[in-house]
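Throughout, protein chains are lettered first and strands after them, A, B, ... in sequence-line order, and every chain is numbered starting at 1.
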There are 2 protein chains.
Amino acid sequence: MAELNNILAANKEYSGGFKHGTLAIPPSRKLAVLACMDARLTVEDFLGLGTGDAHIIRNAGGIATDDAIRSLIISHELLGTQEFLVVNHTDCGMLTFTDEELQKKLTQKYKADASGLKFHSFPNLEQNVRNQVDKIKSTPFLPKDIPVYGFTYDVRTGKLGRVI
Amino acid sequence: MAELNNILAANKEYSGGFKHGTLAIPPSRKLAVLACMDARLTVEDFLGLGTGDAHIIRNAGGIATDDAIRSLIISHELLGTQEFLVVNHTDCGMLTFTDEELQKKLTQKYKADASGLKFHSFPNLEQNVRNQVDKIKSTPFLPKDIPVYGFTYDVRTGKLGRVI
């Protein structure tokens, strides 16, 4: 419980000065972001997004998995977002291993077969961004003309770089 | 491109005063959070998390999908997180529809069969939190004794409520 009490104390302070209690469900800037879970990415901060502005979808790598696509479909179809942004980043953990290596490690550690698990590690950052944008654009249940921008985020400088 | 220029301008300002360029990959507070993508949840703010502190995984609902589990395995196994926090929230869009309704809507709109898509809508908030915690705890490739806390977040008050 190392962090639990710290979190509860922080939330008490946050809710004490809470000013966002009347926001509607749909994101006010009609934007959905898909980014990596990395701790160094405070997505709202580096994109200038406030509370209520945008859907933020995050997973290991910022990958357009079936689950991320599920979230984007709900975002657009039920909550009206009209632009999507994909952000992968430099020095990503996903550049440092292969799926096969992690599968073997887990199989040995937990004495259970992990060979079927897909982790979506990738060897090239910019190509990975392009692949995720392509995957979103090829989804049959999103409009063909919805803008999908692809960016890298540099964890050393805080700067976005446009890929697509 | 309604929001693209706004985002680029905001990032220019953010990176101009960037102070986080030397952070290491592993989250400093050894914490991973699974929360909903909802625009009203600025997760880092209401949990008191700074840049570099924690992995933040987000999808529609804050569901422990296979993809969220993938991210948690990478988070723990490769980057050393030791506590997990699940946060679902009041007034969630996922409480307002059924998977079947959305499947039908998409099938009609896109003239393609959406009946196989699982959206993870849910009828009961607190039960849904329990279900996600149970799913994480039953994953074969995470330690059985890793703490997994389950919370609701009240979008009207900014307060966390402990479920499990």
Shortest non-hydrogen separation from A:Leu23 to A:Thr51 and the atoms involved: CD1-O, 3.6 Å

Interface moiety of A:Ile25 toward chain B, non-hydrogen atoms closer than 4.5 Å: both

Any side-chain heavy-atom pair of A:Leu8 and B:Arg162 under 4.5 Å: no

Shortest non-hydrogen separation from B:Thr90 to B:Asp154 and the atoms involved: OG1-CA, 3.5 Å

Proximal component of A:His20, with respect to chain B [non-hydrogen, under 4.5 Å]: backbone

Sequence-distant partners of B:Phe141, ring-ring contact (aromatic ring centres under 6.0 Å, His included), two or more places apart: none

Nearest atoms (heavy-atom pairs only) where A:Pro140 meets A:Lys144: CA-NZ, 4.4 Å

Side chain to side chain, B:Val87 and B:Val43, heavy atoms closer than 4.5 Å: no

Side chain B:His76, main chain B:Thr81, donor-acceptor under 3.5 Å: yes

Heavy-atom closest pair, residues B:Tyr149 and B:Pro147: OH-CB, 3.6 Å

Region of B:Lys105 that comes under 4.5 Å of a non-hydrogen atom in chain A: side chain

A:Lys109 portion near chain B, given a 4.5 angstrom heavy-atom threshold: side chain

Most chain A-contacting option - heavy-atom pairs closer than 4.5 Å, from B:Asp91, B:Asp38, B:Leu41: B:Asp91

Chain A-proximal positions within residues 57-72 of chain B [heavy-atom distance under 4.5 Å]: B:Ile57, B:Arg58, B:Asn59, B:Ala60, B:Ile63, B:Thr65, B:Asp67, B:Arg70, B:Ser71

B:Ala9 versus chain A, the contacting section by heavy-atom distance below 4.5 Å: neither

Euclidean distance, A:Ile146 CD1 relative to A:Gln82 CD, rounded to 0.5 Å: 5.5 Å

Spacing of B:Leu4 atom CG and A:Phe151 atom CZ [to the nearest 0.5 Å]: 5.0 Å

Note, A:Asp99 side chain near A:Phe97 side chain (heavy atom, < 4.5 Å): yes

B:Asn131 CG to B:Ile136 CD1 distance, which is reported to the nearest 0.5 Å: 11.0 Å

Heavy-atom proximity to chain A below 4.5 Å, by part of B:Ile56: both

Side chain, backbone, both or neither of A:Leu106 within contact of chain B (heavy atoms, under 4.5 Å): both

Main-chain N/O of A:Cys92 paired to A:Thr96 side chain as donor or acceptor, under 3.5 Å: no

Under 3.5 Å: donor-acceptor pair, side chain of A:Gln132, backbone of A:Val86: no

Interchain contact, A:Asp53 with chain B, by part (heavy-atom threshold 4.5 Å): backbone

Residues in residues 26-36 of chain B that sit under 4.5 Å from chain A, counting heavy atoms only: B:Pro27, B:Arg29, B:Leu31

Chain A contacts, top residue of B:Thr107, B:Thr22, B:Ile74 (heavy-atom pairs, under 4.5 Å): B:Ile74

Max heavy-atom pair count under 4.5 Å with chain B, selected residue of A:Gly21, A:Gly48, A:Ala10, A:Gly17: A:Gly21

Verdict with reasoning, A:Arg156 to A:Arg40, per side-chain contact (heavy atoms from CB on, under 4.5 Å): CA-CA 10 Å; A:Arg156 299 290 162 227; A:Arg40 296 165 295 176; 4.2 Å; yes

Close contacts, residues 112-126 of chain B versus chain A, judged by heavy atoms under 4.5 Å: B:Ala112, B:Asp113, B:Ala114, B:Leu117, B:Lys118, B:Phe119, B:His120

Whether B:Tyr14 and A:Tyr153 hold their rings parallel, tilted or perpendicular, with breakpoints at 30° and 60°: tilted

Region of A:Glu77 in contact with chain B, defined by heavy-atom distances below 4.5 Å: both

Within 6.0 angstrom of A:Gln127 CD, more than 12 heavy atoms from elsewhere: yes

Donor-acceptor pair, side chain of A:Asn11 and main chain of B:Lys159, under 3.5 angstrom: no

Chain B contacts, top residue of A:Gly52, A:Ser75, A:Gly16 (heavy-atom pairs, under 4.5 Å): A:Gly52

Option in A:Leu47, A:Leu78, A:Thr157, A:Asp45 with maximal non-hydrogen atom pairs under 4.5 Å from chain B: A:Thr157

